[in-house]
Amino acid sequence: MISIKSSREIELMRETCTLATRTMEYIEPFIKPGVSTEELNKLCHDYIIENGAYPSPLNYHGFPKSICTSRNEIICHGIPSKKDILEDGDILNIDITTYLKKFHGDTNKTFFVGEVSPEVKKLVEVTYMCMREGINQVKPGGHIGDIGAVIEEIAHDHGYSVVEEYCGHGIGREFHEEPQVVHVGKRGAGPEIKPGMTFTIEPMINLGKRHCKVLKDGWTVITKDKKWSAQFEHTILVTETGHEILTLRSDEEKIFKL
Ligand code: MF3
Ligand code: CO
Ligand code: CO
């Protein structure tokens, strides 16, 4: 069952999503060569707690930390560690989910660490475009499959591949609700999009092949060919006329009007 949020529930979704967004804006200046992903985890954890919320990943199915930090060939679910130290030229995805007043808000962003290669910069830019165009499909009467169809088309046009094992998801009182929002597919497929739905769109796009594997820690997902992977994620509300991005940062407002 796909939950339709009431206006009160939508207000609470706005609140938790705003906190997730602020946490992302707060952590940005700390992302530099020499910093460990554990330090970034601690800063985000403390910020979320100080704001009266709980970091949804912590203890979620046993996940040991408060955010996910996925560097270079890590696709998603990277575990912050003291030993994981950022280097110039890396890309780092930070995935933040907050639990505030019984609602979850989920967002992620891939950051550049210092100066990255042109090849990697393009991967990150195209991944952002995939998310943005996927979001632009969201309106009542459309279908969840419309989202994956455009994402797949853009990624393939650039010679990249799309991860299929992990996907976007409904979100609200639960971290992961129905529907599954896969990032490939056919226009018109899947459930109909209706006002009051809230779900994430979070494409993972690879420079090489789409295949992935999970490391022995049981969480970290990497590309099989070890080529790099990028991701962006927003939580979206379906409105009567289209959609609202509940986790939009101030640096993005102009990009979405392009
Ligand atoms: N935030 C991730 C998502 O976008 C899920 C992380 S689950 C965790 O759905 F356990 F790894 F934190
Ligand atoms: Co998510
Ligand atoms: Co997330």
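Order of appearance sets the numbers: ligands from 1, and atoms from 1 within every ligand.
Less than 4.0 angstrom separates some heavy atom of F63 from each of these atoms of ligand 1: 8 (C), 10 (F), 11 (F), 12 (F). For ligand 1, the atoms lying closer than 4.0 Å to a non-hydrogen atom of C68 are 6 (C), 11 (F), 12 (F). Within the listing of ligand 1, atoms 1 (N) sit less than 4.0 angstrom from a heavy atom of T97. Contact atoms of ligand 1 toward E233: 4 (O) (distance under 4.0 Å to a heavy atom of the residue).
Counting only non-hydrogen atoms, the option in H176, E202, H77 that gets closest to atom 4 (O) of ligand 1 is E202.
Counting all heavy atoms, side chain and backbone alike, T223 lies closest to S229 at CG2-CB, 4.1 Å. Contact between S81 and T37 at its shortest, heavy atoms only, is N-OG1, 3.0 Å. Of all heavy-atom pairs between C76 and Y166, the closest is SG-CG, 4.1 Å.
Residues that satisfy the side-chain contact (heavy atoms from CB on, under 4.5 Å) test with T21, not counting sequence neighbours, are E25, T247, R249.
Classification of E125 and K122 as a salt-bridged pair fails, no side-chain N sitting under 4.0 Å from a carboxylate O. Contact check on E252 versus R132 returns no salt bridge, with no Lys/Arg side-chain nitrogen under 4.0 Å from an Asp/Glu carboxylate oxygen. The pair D225-K209 does not count as a salt bridge, with every side-chain nitrogen at least 4.0 angstrom from each carboxylate oxygen.
Polar contact with ligand 1: absent for W219 (N/O pair, distance under 3.5 Å). Residue N108 has no N or O atom closer than 3.5 Å to an N or O atom of ligand 1.
In this pair, F175 and H104 present their aromatic rings parallel. The plane angle is below 30°, not in the 30 to 60° band.
When hydrogens are left out, the protein atom nearest atom 2 (C) of ligand 1 is D95 OD2, 3.4 Å; that is the closest non-hydrogen contact. Looking only at heavy atoms of the protein, atom 3 (C) of ligand 1 is closest to D106 OD2, 3.4 Å. Closest protein heavy atom to atom 12 (F) of ligand 1: P57 CB, 3.1 Å. Nearest protein heavy-atom neighbour of atom 7 (S) of ligand 1: Y60 CD2, 3.9 Å.
A heavy-atom separation below 4.0 Å is found between F175 and ligand 1. Residue-ligand proximity: K65 is placed with every non-hydrogen atom at 4.0 Å or more from ligand 1.
Only protein N, O or S atoms were scored, and 4 of them lie under 2.8 Å from the Co ion (ligand 2).
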Go through it in stages, so that I can follow the logic: the residues are K5 and E177, the test is salt bridge (Lys or Arg N to Asp or Glu O under 4.0 Å), and I'd like the CA-CA distance, side-chain angles, deciding distance and then a yes or no. CA-CA 12 Å; K5 274 75 180 176; E177 300 182 351; 3.0 Å; yes
Please report, to 0.1 Å, the donor-acceptor pairs under 3.5 Å made by any side chain of residues 114-121, with sequence neighbours excluded.
residue: S117; atom: OG; partner: V120; partner atom: N; Å: 3.3

For residues 142-155, which side-chain donor-acceptor pairs fall under 3.5 Å, sequence neighbours excluded?
residue: H143; atom: ND1; partner: G190; partner atom: O; Å: 3.0
residue: D146; atom: OD1; partner: G188; partner atom: N; Å: 2.7
residue: D146; atom: OD2; partner: H143; partner atom: N; Å: 3.0
residue: E152; atom: OE1; partner: G185; partner atom: N; Å: 3.0

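Judged purely by distance below 3.5 Å, without hydrogens or angles, the side chains of H183 and E202 never pair a donor atom with an acceptor atom.
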